[in-house]
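What's counted below: heavy atoms across the whole structure, side chains too, no hydrogens, waters or symmetry copies.
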There are 2 protein chains.
Amino acid sequence: MASNIKENYIKALFYLHQKNEEISLSALGEELQVSKPTANDMIKKLKAEGIVVSEKYKPIRITAEGKRQAASVIRKHRLSEMFLAQIMKFGWEEVHEIAEELEHIKTEKLFDRMDDILGFPTTDPHGSPIPDKDGNFNKPDYKRLSQLPVGSVVIIKALRESSADFLQYLNKKSIKLNTKITIEHIERFDGSYTVSYDGISGVVLGKSVCDRLLVKLV
Amino acid sequence: MASNIKENYIKALFYLHQKNEEISLSALGEELQVSKPTANDMIKKLKAEGIVVSEKYKPIRITAEGKRQAASVIRKHRLSEMFLAQIMKFGWEEVHEIAEELEHIKTEKLFDRMDDILGFPTTDPHGSPIPDKDGNFNKPDYKRLSQLPVGSVVIIKALRESSADFLQYLNKKSIKLNTKITIEHIERFDGSYTVSYDGISGVVLGKSVCDRLLVKLV
DNA sequence: TTAATTTGTTAGACTTATCTAACTTTATAT
DNA sequence: ATATAAAGTTAGATAAGTCTAACAAATTAA
Ligand SMILES: [Mn+2]
Ligand SMILES: [Mn+2]
Ligand SMILES: [Mn+2]
Ligand SMILES: [Mn+2]
């Protein structure tokens, strides 16, 4: 059984692999805030366990087994977030921190029961998909709000980034998942959008905000 | 911040101290299934942190600070058990194992929220008291069923031992907390009790069972 | 195509938690 | 009071996870 620490490496490897099939030691060290020799040592252990393939001076690749193990941790994380939000009434800006701890709990039936109580949800409170136990999950092709033209009517479906700061900003603006937004104006100069939602019009969202909102066209 | 492992030592020290003010290294090692040198090393560290007092060849005593830290872990454990049982519908024989993991979660507000959702319970699903954050908890003076005479009418309030095996035995007998029992007969030869409850009479409970049931006289 | 920069590796050290074997001190029993 | 047993300590070793300093390889830029 992998330790908490190993699980965090596996999860990081999975995230990095989603951005780029080939993973660099530097990126891994950066992601986990450890030195390159530390990351290198761990890669040797994970290689011995069949979780990555790696050869001297060559980029690292995660194996099918590695993906399976990563999905298991991510499933625990996202089910926990959903349970904390829906059942325990935590805000979506609070759940990630707690889920970072809960995801390492070994007893599977805790998460199976969460899943059951929640009615087998397919996404977490930030719109990210919850993998099933075999590691499969939907990857719907949402667009960034910042990619869409004036006049588009969209529904917010997920976030590209879910830092507490960003979530608190969205709270302040009363923007939630499934909020229906109409794009009224795009300011060419700075990429900011003027939008309307919930019957309020003229709300200005900066470029970096629109870049983080994943939406579906209505 | 204490690691999981240290927290387990602190909890063990607290349990041992409840049986016997003075704690021996052997008992500590036995409790945690580690060797005496291992326990000894940890005691040196805990002494440096002010959690125990201990001098060479003298028995170990837990400090007020040690008790406070133990109570914090026990509170997390017992609130978790109660949450798992009441809200997540796990059986009382299932909750301990999961709570052994949950008790090490750092984020206090998770447990505060459990407490809130549960309506500030004073005991766990096995009748053990839940300490408050300052480490105070009720220690009601229940009697063992095995100490009471024929004719007594009692209510089961807690268990002296909560192994999954014992709890499954109680499930089979439909005995729960708050079950009202009447003692019909005591067999002198083997100390077994014949009792009635829930309208069923003539149920025989062995000595070891009666020894584990903590009851209040009606 | 050489030089500079980035990336990866090695070597050596530290911390925490664990062990066994051997020894010392304290307690118990004859 | 002495011998035996139990409890506690020391010494030395191991494994996991981390670091820094120094060096080697690969990539990128000039
Ligand atoms: Mn998260
Ligand atoms: Mn999330
Ligand atoms: Mn328990
Ligand atoms: Mn309990």
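With sequence neighbours excluded, the residues satisfying ring-ring contact (aromatic ring centres under 6.0 Å, His included) with B:Phe14 are B:His17.
In this structure, A:Tyr9 reaches the D:dT18 phosphate: one of its side-chain N or O atoms is under 4.0 Å from OP1 or OP2. An OP1 or OP2 oxygen of D:dA25 is reached within less than 4.0 angstrom by no side-chain nitrogen or oxygen of A:Lys58. Dashed line: the shortest gap from a side-chain N or O of A:Ser26 to OP1 or OP2 of C:dG8 is under 4.0 Å.
Ion pairing between a basic and an acidic side chain is recognised when a charged N comes within 4.0 Å of a carboxylate O; B:Arg68 and B:Glu65 show such pairing. Between B:Glu49 and B:Lys6 there is a salt bridge, since a side-chain N of the basic residue sits under 4.0 Å from a carboxylate O of the acidic one. Salt bridge present: A:Lys109 and B:Glu94 bring a charged side-chain N and a carboxylate O closer than 4.0 Å. A salt bridge is defined here as a Lys NZ or Arg NE, NH1 or NH2 lying under 4.0 Å from an Asp or Glu carboxylate O, and A:Lys207 with A:Asp190 fails to meet this definition. One finds a salt bridge joining A:Lys76 and A:Glu108 here, because a Lys/Arg side-chain nitrogen approaches an Asp/Glu carboxylate oxygen to under 4.0 Å. Between A:Arg75 and A:Asp132, none of the side-chain N atoms (NZ, or NE/NH1/NH2) sits under 4.0 Å from a carboxylate O, so this pair counts as no salt bridge.
Taking every side-chain heavy atom of A:Ser3 into account, D:dG17 is the closest of C:dT18, D:dG17, D:dA7. Set against C:dG8, D:dA21, D:dG17, the side chain of A:Pro37 has D:dA21 as its closest nucleotide. Of the candidates C:dG8, C:dT18, D:dG8, C:dT18 carries the atom nearest the B:Ile5 side chain, counting heavy atoms from C-beta on.
Separation of the B:His77 and B:His96 ring centroids falls under the 6.0 Å cut-off.
Ring geometry for B:Phe83 versus A:Phe83: interplanar angle over 60°, hence perpendicular rather than tilted (30 to 60°).
In this structure, B:Lys44 reaches the sugar-phosphate backbone alone: every heavy-atom distance under 4.0 Å involves primed, P, OP1 or OP2 atoms, never a base. Within the nucleic acid shown, A:Ser35 comes within 4.0 Å of at least one base atom, counting heavy atoms only. Nucleic acid contact class of B:Thr38 (heavy atoms, under 4.0 Å, all strands): base. Note on A:Ser24: only backbone sugar-phosphate atoms sit closer than 4.0 angstrom, heavy atoms only; bases stay farther off.
If you measure from atom CG of A:Asn40 to atom P of D:dT20, you get 15 Å, rounded to the nearest angstrom. Summarising the geometry, the separation between CD1 on B:Ile43 and P on C:dT18 is reported as 12 Å, rounded to the nearest angstrom. In this structure, A:Met42 atom CE and D:dG17 atom P are separated by 4 Å, rounded to whole Å. Remark: C1' of C:dT6 and CD of A:Glu30 are 14 Å apart, rounded to the nearest angstrom. Computed from coordinates, the B:Lys36 NZ to D:dT10 P distance equals 14 Å when rounded to whole Å. B:Glu22 has its CD atom 15 Å from the P atom of C:dT26, to the nearest Å. Per the geometry, NZ belonging to B:Lys56 stands 17 Å off P belonging to C:dC23, to the nearest Å. For the pair A:Ile60 CD1 and C:dT9 C1', the computed distance is 12 Å after rounding to whole Å.
In the model, A:Glu103 has no side-chain atom that pairs as donor or acceptor with a side-chain atom of A:Ser80 under 3.5 Å.
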Per-nucleotide pairing state of DNA chain D [Watson-Crick or G-U, under 3.5 Å; [ ] pseudoknot-crossing; | other strand]: ||||||||||||||||||||||||||||||
What does the list of N/O pairs under 3.5 Å between the protein and nucleotides 27-29 of chain D look like, with a distance for each?
none

